[in-house]
Amino acid sequence: MIYPDELLAWYATEQRDLPWRRPGVSAWQILVSEFMLQQTPVARVEPIWLEWIARWPTPSATAAASAADVLRAWGKLGYPRRAKRLHECATVIALEHSDAVPKDVDTLLSLPGVGTYTARAVACFAYRQRVPVVDTNVRRVVARAVHGRADAASPTARDLDDVAALLPGDSSAPQFSVALMELGATVCTARAPRCGSCPLRHCAWRSQGFPASSCPPRRTQRYAGTDRQVRGRLLDVLRGNSFPVNRVELDVAWTTDTAQRDRALDSLLVDGLVEQTADGRFALCGEGDDAGPQGPRRSRADNTEGDDAGPHGPRRSSHSPGERR
DNA sequence: GTCCCGGCTT
DNA sequence: AAGCCAGGAC
């Protein structure tokens, strides 16, 4: 059992001052923070989020930006498909929801890039609804304090029910949820929990003498040398160029394994993060399009700024990925 | 289940 | 060198 009073009292004094928790932050801005925080630590998100919401404070403002500029602003946060989905999400909200982030969990779930966690996080933190918000931190805290296990099993629908049963019945449910996440992030951490600083009077894991994990150790998720790193290198080249670049400029970004490089480039084309111009060069998807993916494209006659290399209808790559491993 | 990112901590 | 992130789509 986790008693709301002790958790809320702890949170009142120990919470981190995170900008998306401050008063006056809009539902859209909270949604942006949740996209960025998917699998990405708070410290890396904070500066990007601050720049982002100052530049594009609303869904329609985000939708009006080009996909390429969105990818540039995303920088090296990682998982750039999130940036594309956020841009798509902004477009859907602007066009189909009158520029207002939906409040209903099921409607939120229908948005691009919004899954079980993010939908409920927005419903709870932006709209103060009493819905269970379950991320990796919450699952770990519940596994320990409630079930006496060192760490959580794979995510299931049961997790939502577990947390729903813990939520206080009154309007403090959102604070309880954010406090649970905060506890997992700063005290009940995965590797070196600081149990001496834990505000919970009762913890099943502690009561049972901190039994070791029964789960097999997770396979290490490497980064160096993976396709993900190669994709990052290629995108880094394109982020630094306002104009389409020649193939050779991408080739020099990764020379240790040319087949892997080709596979990474192909996957970026498939993901819609990169596009090929009619003359065979490469650019960030939506480069030069400042009206969003659904918006009207500028006609050639209107484009007199001289910074556009020409029409670039998206071209699908034709070579096969060449699976291996 | 697999893939997707990157910087930081330990 | 490896673990660790406020997950989602397939």
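Model, not experiment: these values are computed from the prediction. Throughout, a chain's letter reflects where its sequence line sits, starting with A, and its residues are numbered from 1.
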Between C:dG3 and B:dT2, how far apart are the P atoms? Round to whole Å, please. 16 Å

In whole Å, what is the span from the CH2 atom of A:W49 to the P atom of C:dA6? 17 Å

Describe the nucleic acid contact of A:T226 in one word from base, sugar-phosphate, nothing, applying a heavy-atom distance below 4.0 Å. nothing

Looking at DNA chain C, which of residues 20-27 of chain A put a heavy atom within less than 4.0 Å of it? A:W20, A:R21

Write down the distance between CG (A:D266) and C1' (B:dC4), rounded to a whole number of angstrom. 15 Å

Measure from NZ on A:K84 to P on C:dA9 and round the result to the nearest Å. 14 Å

Nearest-Å distance for atom pair CH2/P, residues A:W74 and B:dC4: 17 Å

For A:A190, answer base if it contacts any base atom (sugar-phosphate contacts may also be present), sugar-phosphate if it contacts only those atoms, and nothing otherwise; contact means non-hydrogen atoms under 4.0 Å. sugar-phosphate

Considering only residues two or more places apart or on different chains, which pairs with a residue in residues 194-207 of chain A satisfy salt bridge (charged side-chain N to carboxylate O under 4.0 Å, His left out)? A:E6-A:R201

Between atom CZ in A:R82 and atom P in C:dG8, what is the gap in whole Å? 11 Å

Along DNA chain C (nearest heavy atom to each residue), the more 5'-positioned of A:E34 and A:G113: A:E34

Tell me what A:V178 touches on the nucleic acid: a base, only sugar-phosphate, or nothing, going by heavy atoms under 4.0 Å. nothing

Need one value for A:T118: base, sugar-phosphate or nothing, where a base atom within 4.0 Å counts as base even if backbone is also close, heavy atoms only. sugar-phosphate

Work out how far the P atom of C:dA6 is from that of B:dT10, and round it to whole angstrom. 14 Å

Looking for any heavy atom pair under 4.0 Å, which part of the strands does A:R85 touch: base, sugar-phosphate only, or nothing? sugar-phosphate

If you measure from the P atom in C:dA9 to the same atom in B:dG7, how many Å do you get, rounded? 25 Å

Detail all sub-3.5 Å separations between protein N/O atoms and N/O atoms belonging to nucleotides 6-10 of chain B.
residue : atom : partner : partner atom : Å
B:dG6   : OP2  : A:Y223  : OH           : 2.3
B:dG6   : O5'  : A:Y223  : OH           : 3.3
B:dG6   : O4'  : A:R44   : NH2          : 3.4
B:dG6   : N2   : A:R44   : NH1          : 3.0
B:dG6   : N3   : A:R44   : NH1          : 2.8

Can you confirm whether A:L108 sits close enough to A:P102 that some side-chain heavy atom of one is under 4.5 Å from a side-chain heavy atom of the other? yes

Output a table of donor-acceptor pairs, distance under 3.5 Å, between side-chain atoms of residues 182-192 of chain A and any protein atom two or more places apart or on a different chain; print 'none' if there are none.
residue : atom : partner : partner atom : Å
A:E182  : OE1  : A:R16   : NE           : 3.2
A:E182  : OE1  : A:R16   : NH2          : 2.8
A:E182  : OE1  : A:R21   : NH1          : 3.4
A:E182  : OE1  : A:R21   : NH2          : 2.6
A:E182  : OE2  : A:R16   : N            : 2.8
A:E182  : OE2  : A:R16   : NE           : 3.0
A:E182  : OE2  : A:R21   : NH1          : 3.4
A:T186  : OG1  : A:E182  : O            : 2.9
A:T189  : OG1  : A:A192  : O            : 3.1

Residue mapping more 5' on DNA chain C - nearest nucleotide basis, A:G184 or A:G115: A:G184

For atom CG of A:D271 and atom C1' of B:dC3, their distance in whole Å: 10 Å

Below 3.5 Å, can you tabulate the donor-acceptor pairs from side chains in residues 69-79 of chain A to any protein atom, sequence neighbours excluded?
residue : atom : partner : partner atom : Å
A:D69   : OD1  : A:R72   : NH1          : 3.4
A:D69   : OD2  : A:S66   : OG           : 3.4
A:R72   : NE   : A:R239  : O            : 2.7
A:R72   : NH1  : A:E287  : OE2          : 3.1
A:R72   : NH2  : A:N241  : O            : 2.8
A:R72   : NH2  : A:E287  : OE1          : 2.7
A:R72   : NH2  : A:E287  : OE2          : 3.3
A:W74   : NE1  : A:G78   : O            : 2.8
A:K76   : NZ   : A:D236  : OD2          : 3.3

For A:D151 and C:dC5, what is the distance between atoms CG and P respectively, to the nearest whole Å? 10 Å

Relative to the 5' end of DNA chain B, which residue comes earlier, A:S154 or A:P80, by the nucleotide with the nearest heavy atom? A:S154

Take the protein atom CG of A:D135 and the nucleotide atom C1' of C:dA6, then report the distance between them rounded to whole Å. 5 Å

Quick one: which residue pairs count as a salt bridge (charged side-chain N to carboxylate O under 4.0 Å, His left out) with a foot in residues 108-125 of chain A, not counting sequence neighbours? none

Which pairs of donor and acceptor atoms, one on a side chain in residues 161-172 of chain A, lie under 3.5 Å apart (sequence neighbours left out)?
residue : atom : partner : partner atom : Å
A:D162  : OD1  : A:R158  : NH2          : 3.4
A:D162  : OD2  : A:H147  : NE2          : 3.0
A:D170  : OD1  : A:S172  : N            : 2.9
A:D170  : OD1  : A:S172  : OG           : 2.5

Give a yes or no on whether A:F176 and A:M181 share a hydrophobic cluster (residues Ile, Leu, Val, Met, Phe, Trp, Tyr; joining criterion: side-chain heavy atoms under 4.5 Å apart). yes

Assigning hydrophobic clusters by single linkage (Ile, Leu, Val, Met, Phe, Trp, Tyr; side-chain heavy-atom cutoff under 4.5 Å), is A:L86 placed with A:V25? yes

What donor-acceptor contacts under 3.5 angstrom involve side-chain atoms of residues 49-59 of chain A, with partners at least two apart or in another chain?
residue : atom : partner : partner atom : Å
A:W49   : NE1  : A:Q29   : O            : 2.9
A:T58   : OG1  : A:S60   : OG           : 3.3
A:T58   : OG1  : A:A61   : N            : 3.1

Sorted by chain and number, sequence neighbours left out, side chain to side chain contact (heavy atoms under 4.5 Å, CB included) with A:D106 holds for A:D104, A:L109

Reckon A:R140 has a side-chain N or O less than 4.0 Å from the OP1 or OP2 of C:dC5? yes

